Amino acid sequence: MAAPLALVDCNNFYASCERVFQPRLRGQPVVVLSNNDGCVIARSNEAKALGVEMGAPWHLQKERFARLGVVVRSSNYTLYGDMSARVMRVLADFTPNLEIYSIDEAFLGLAGFEHRLEAHARMLRATVLQWTGIPVSVGTAPTKTLAKAANRMAKKNPTAGGVALLLTEAAQTAALAGMELTDLWGVARRMAARLGEAGIHSPLDLRDAEPRFVRERFSVVLERMVYELRGLPCLSLEEIMPDRKSIMASRSFGRPVTTPAEMAEAVATYTTRAAEKMRRQRLATSSLIVFVETNRFKPNDPQHCASQAVQLPVATANTGTLISAALRGFGAIWRPGFSFKKAGVMFLDLVPAHAVQGGLFDAPDTPAQQRLMAIVDRINARYGRDAVGFARSGKRRAWKLRSEHHSPRYTTNWDDLLRV
DNA sequence: TCTGGGGTCCTAGGACCC
DNA sequence: TCTGGGGTCCTAGGACCC
């Protein structure tokens, strides 16, 4: 059998975070609301038991919540991010192979723990609870897809104690028999409908389907799922988190926005926020999209949803440059006479940005350049963060050198660099 | 009045190249 | 009748996830 892995998932994560800091909320129905307090994005078990739906618009539920005694919290993403980091640090003590999958989930490679998988899972669960106050569920299985299913069992089954293992085919068959297609990781409503048309009505049907048929009729993704359900791993543990491929900042407005000045301000604000996020991840962009939307929930109002891509000559993480580019794009899609509900900015074509303060950015391409960047980083760490940077002029890549004794100059000669 | 904010991957089709 | 074939890149749109 493949080396087992575990999926650890924080229970009702945002609601649990609120409880850590307000213990009196324990045992009470708690919901957390989205930005602008628009709709429900997290529910405690007690709230779920009362029939509170995910995504329920708050303005339609206010009175009902009050009647039922549901405690309502506005979301606090900074807090949740911090709690997430604490949980992940504890998990790192329980495996050498950790993949942080989302703010509240992680996969743990468990090679070497085969002889005590259940005890390990229970110890992990107790430790996370004790050190962070967050309850988690642990699902252990030979593949990620089955670990997801195991995790679901651990959550649903009150006698499981938050831990479930799907290590044998018999256990896997029994578990899948109790699930709907849409309970599977990667199958949502539309895909389930299409599968139904092909005579696949349950997770067991899918597991036992012919992989080639599934690939031809559907996709390679679904074919992989067939194998995963059979216990043959197709999705590996990704311990190194790859760089983001896009970064977005967008918001719905609390009230309709009709003037270009207000819209432009929103675009500038979101651009600033996205640029901050991007710099935190040491990335830069040469391509952005700005978009605006009217209120899609008011079909009788005039609708205008538009987006505009803007290309920059070089990758940058400079807020001013990005704002002026975003506003240029905004100018192309702004139309008077509409009530806008939402706007946003997305950065694409992200490249590693080795920061040059106030300068240009570009990414090292070749392995040789990457090795050189490691040297550059060390020089900068020792002599100040922008002692050496690099830039690009047209298609020509050049290193930008600075020191106390020389004015900045560009070079393509590595030996120059090593003399700095 | 009021309905989230992020992300990823795959596919299909067209342009273009040799 | 047939009208090269293979490869890459780009874009738009769909589907899914947390």
Side-chain angles (χ1 to χ4, degrees), chain A residues 7-15 31-43 53-65 72-78 80-81 84 99-107 144-145 148 151-152 181-195 214-225 234-235 238 241-257 266 270 273-274 277-278 281 283 287 289 291 293-299 301 305 307 309 311 339 341-350:
Chain A
L7 173 63
V8 177
D9 188 324
C10 301
N11 299 347
N12 317 320
F13 184 53
Y14 296 169
V31 303
V32 176
L33 301 177
S34 64
N35 177 254
N36 287 333
D37 291 344
C39 67
V40 173
I41 56 171
R43 308 159 293 162
E53 299 270 334
M54 191 70 161
W58 186 42
H59 69 276
L60 297 177
Q61 300 290 330
K62 239 181 226 179
E63 290 170 18
R64 182 166 158 248
F65 286 0
V72 175
R73 285 277 169 275
S74 296
S75 43
N76 179 347
Y77 294 103
T78 309
Y80 309 150
S84 173
E99 173 186 343
I100 298 172
Y101 177 70
S102 74
I103 192 164
D104 70 335
E105 281 175 68
F107 289 102
K144 284 184 166 180
T145 305
K148 274 272 188 183
N151 190 282
R152 184 173 181 280
L181 273 177
T182 50
D183 296 330
L184 293 176
W185 186 38
V187 180
R189 194 169 42 86
R190 288 165 206 273
M191 186 56 77
R194 282 184 60 202
L195 284 164
V214 172
R215 180 182 196 133
E216 281 162 22
R217 174 93 179 237
F218 297 94
S219 67
V220 291
V221 182
L222 217 57
E223 183 195 29
R224 280 201 291 264
M225 192 177 305
C234 297
L235 306 171
E238 317 228 345
M241 213 183 297
D243 281 343
R244 284 258 167 279
K245 297 183 174 172
S246 66
I247 289 175
M248 174 155 72
S250 73
R251 283 287 182 279
S252 296
F253 305 131
R255 55 180 175 76
V257 172
Y270 303 156
R273 191 175 301 151
K277 252 195 257 185
M278 188 165 64
Q281 298 176 48
L283 297 171
S287 162
I289 290 175
F291 61 91
E293 292 174 14
T294 47
N295 191 342
R296 67 199 159 97
F297 295 103
K298 292 185 173 176
D301 283 6
C305 300
S307 65
Q311 304 294 331
S339 285
K341 178 64 185 166
K342 184 174 181 177
V345 175
M346 193 189 316
F347 297 155
L348 301 165
D349 297 339
L350 302 177

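As the structure is a prediction and not an experimental result, all values here were calculated from the model. Residue numbering restarts at 1 for every chain, and letters A, B, ... go by the order of the sequence lines.
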Among B:dT3, B:dG6, C:dC18, the nucleotide that comes nearest once only the side chain of A:Asp104 is considered:
C:dC18
Are A:Ser252 and B:dT3 close enough that a side-chain N or O sits under 4.0 Å from OP1 or OP2?
no
Mind checking if A:Asn36 touches a base, just sugar-phosphate, or nothing, with heavy atoms under 4.0 Å?
nothing
Quick one: label A:Leu33 by what it contacts on the DNA or RNA (base, sugar-phosphate, nothing), any heavy atom closer than 4.0 Å.
nothing
Is it the case that more than 12 heavy atoms not belonging to A:Arg190 sit under 6.0 Å from its CZ atom?
no
Please determine if A:Glu238 and A:Lys144 form a salt bridge, counting it only when a charged side-chain N lies under 4.0 Å from a carboxylate O.
no
Got more than 12 heavy atoms from elsewhere within 6.0 Å of CD, A:Gln311?
yes
For A:Met278 and A:Ile247, work out which heavy atoms get closest and say how close.
CA-CD1, 3.6 Å
Taking the nucleotide of DNA chain B with the closest heavy atom to each, which residue, A:Phe218 or A:Met248, is nearer the 5' end?
A:Met248
Could you run through DNA chain B and flag its stems, i.e. three or more consecutive Watson-Crick or G-U pairs with both distances under 3.5 Å?
B:5-18 with C:5-18
When the distance from CD of A:Gln61 to P of B:dT1 is rounded to whole Å, what number comes out?
18 Å
Heavy atoms of A:Ser307 and A:Phe291 approach each other most closely as CB-CB, 3.7 Å
Mind checking A:Lys62 for me? I need base, sugar-phosphate or nothing, with any heavy atom below 4.0 Å counting as a touch.
nothing
From the candidates B:dG4, C:dC18, B:dC2, the one with an atom nearest any side-chain atom of A:His59 is B:dC2
Mark up nucleotides 7-17 of chain C, 5' to 3', with B wherever a protein heavy atom is under 4.0 angstrom from a base atom, S wherever such an atom reaches only the sugar-phosphate, and - elsewhere.
--------SSS
Categorize A:Ala56 for me: base, sugar-phosphate, or nothing, with a 4.0 angstrom heavy-atom threshold over every strand shown.
nothing
For A:Arg224 and for A:Asn295, locate the closest nucleotide of DNA chain B by heavy-atom distance; then report the residue assigned to the nucleotide nearer the 5' terminus.
A:Asn295
Atom-to-atom span, CG of A:Asp37 to C1' of B:dC2 - whole angstrom
11 Å
With rounding to whole Å, what would you report as the distance between C:dG4 and B:dC16 at their C1' atoms?
15 Å
Given the rule in the side-chain contact (heavy atoms from CB on, under 4.5 Å) test, do A:Gln281 and A:Met241 qualify, once you have shown the distances and angles that lead to the verdict?
CA-CA 11 Å; A:Gln281 298 176 48; A:Met241 213 183 297; over 6 Å; no
Which whole number of Å gives the distance between the P atom of B:dT3 and that of C:dC17?
25 Å
Gap between atoms CD1 and C1', on A:Ile289 and B:dG6 respectively (whole Å)
15 Å
Given the rule in the side-chain contact (heavy atoms from CB on, under 4.5 Å) test, do A:Glu53 and A:Val40 qualify, once you have shown the distances and angles that lead to the verdict?
CA-CA 7 Å; A:Glu53 299 270 334; A:Val40 173; over 6 Å; no
Whole-Å distance between C:dC18 P and A:Met54 CE?
10 Å
Under 4.0 angstrom, heavy atoms only, what part of the nucleic acid is A:Ser246 near: base, sugar-phosphate, or nothing?
sugar-phosphate
Applying a 4.0 Å non-hydrogen cut-off, can you work out what A:Pro242 is touching in the nucleic acid: base, sugar-phosphate, or nothing?
nothing
Would you indicate, yes or no, if B:dT3 has its OP1 or OP2 atom less than 4.0 angstrom from a side-chain nitrogen or oxygen of A:Lys298?
no
A:Tyr80 OH to B:dG5 P, straight-line distance once rounded to whole Å:
15 Å
CA sep, side-chain torsions, deciding dist, call: A:Val187, A:Leu195, side-chain contact (heavy atoms from CB on, under 4.5 Å):
CA-CA 10 Å; A:Val187 180; A:Leu195 284 164; 4.3 Å; yes
Does the plane of the ring in A:Trp185 sit parallel, tilted or perpendicular to the ring in A:Phe107? Use 30° and 60° as the thresholds.
tilted
Between atom CZ in A:Phe107 and atom C1' in C:dC18, what is the gap in whole Å?
12 Å
Can you name the nearest heavy-atom pair linking A:Asp349 to A:Ser287, along with the distance?
OD2-CB, 3.2 Å
Separation of B:dC2 atom C1' from A:Arg64 atom CZ, nearest Å, is 17 Å
In whole angstroms, how far is the C1' atom of B:dT3 from the NZ atom of A:Lys341?
8 Å
What is the minimum heavy-atom distance between A:Ala42 and A:Ala15, and which atoms define it?
CB-N, 4.1 Å
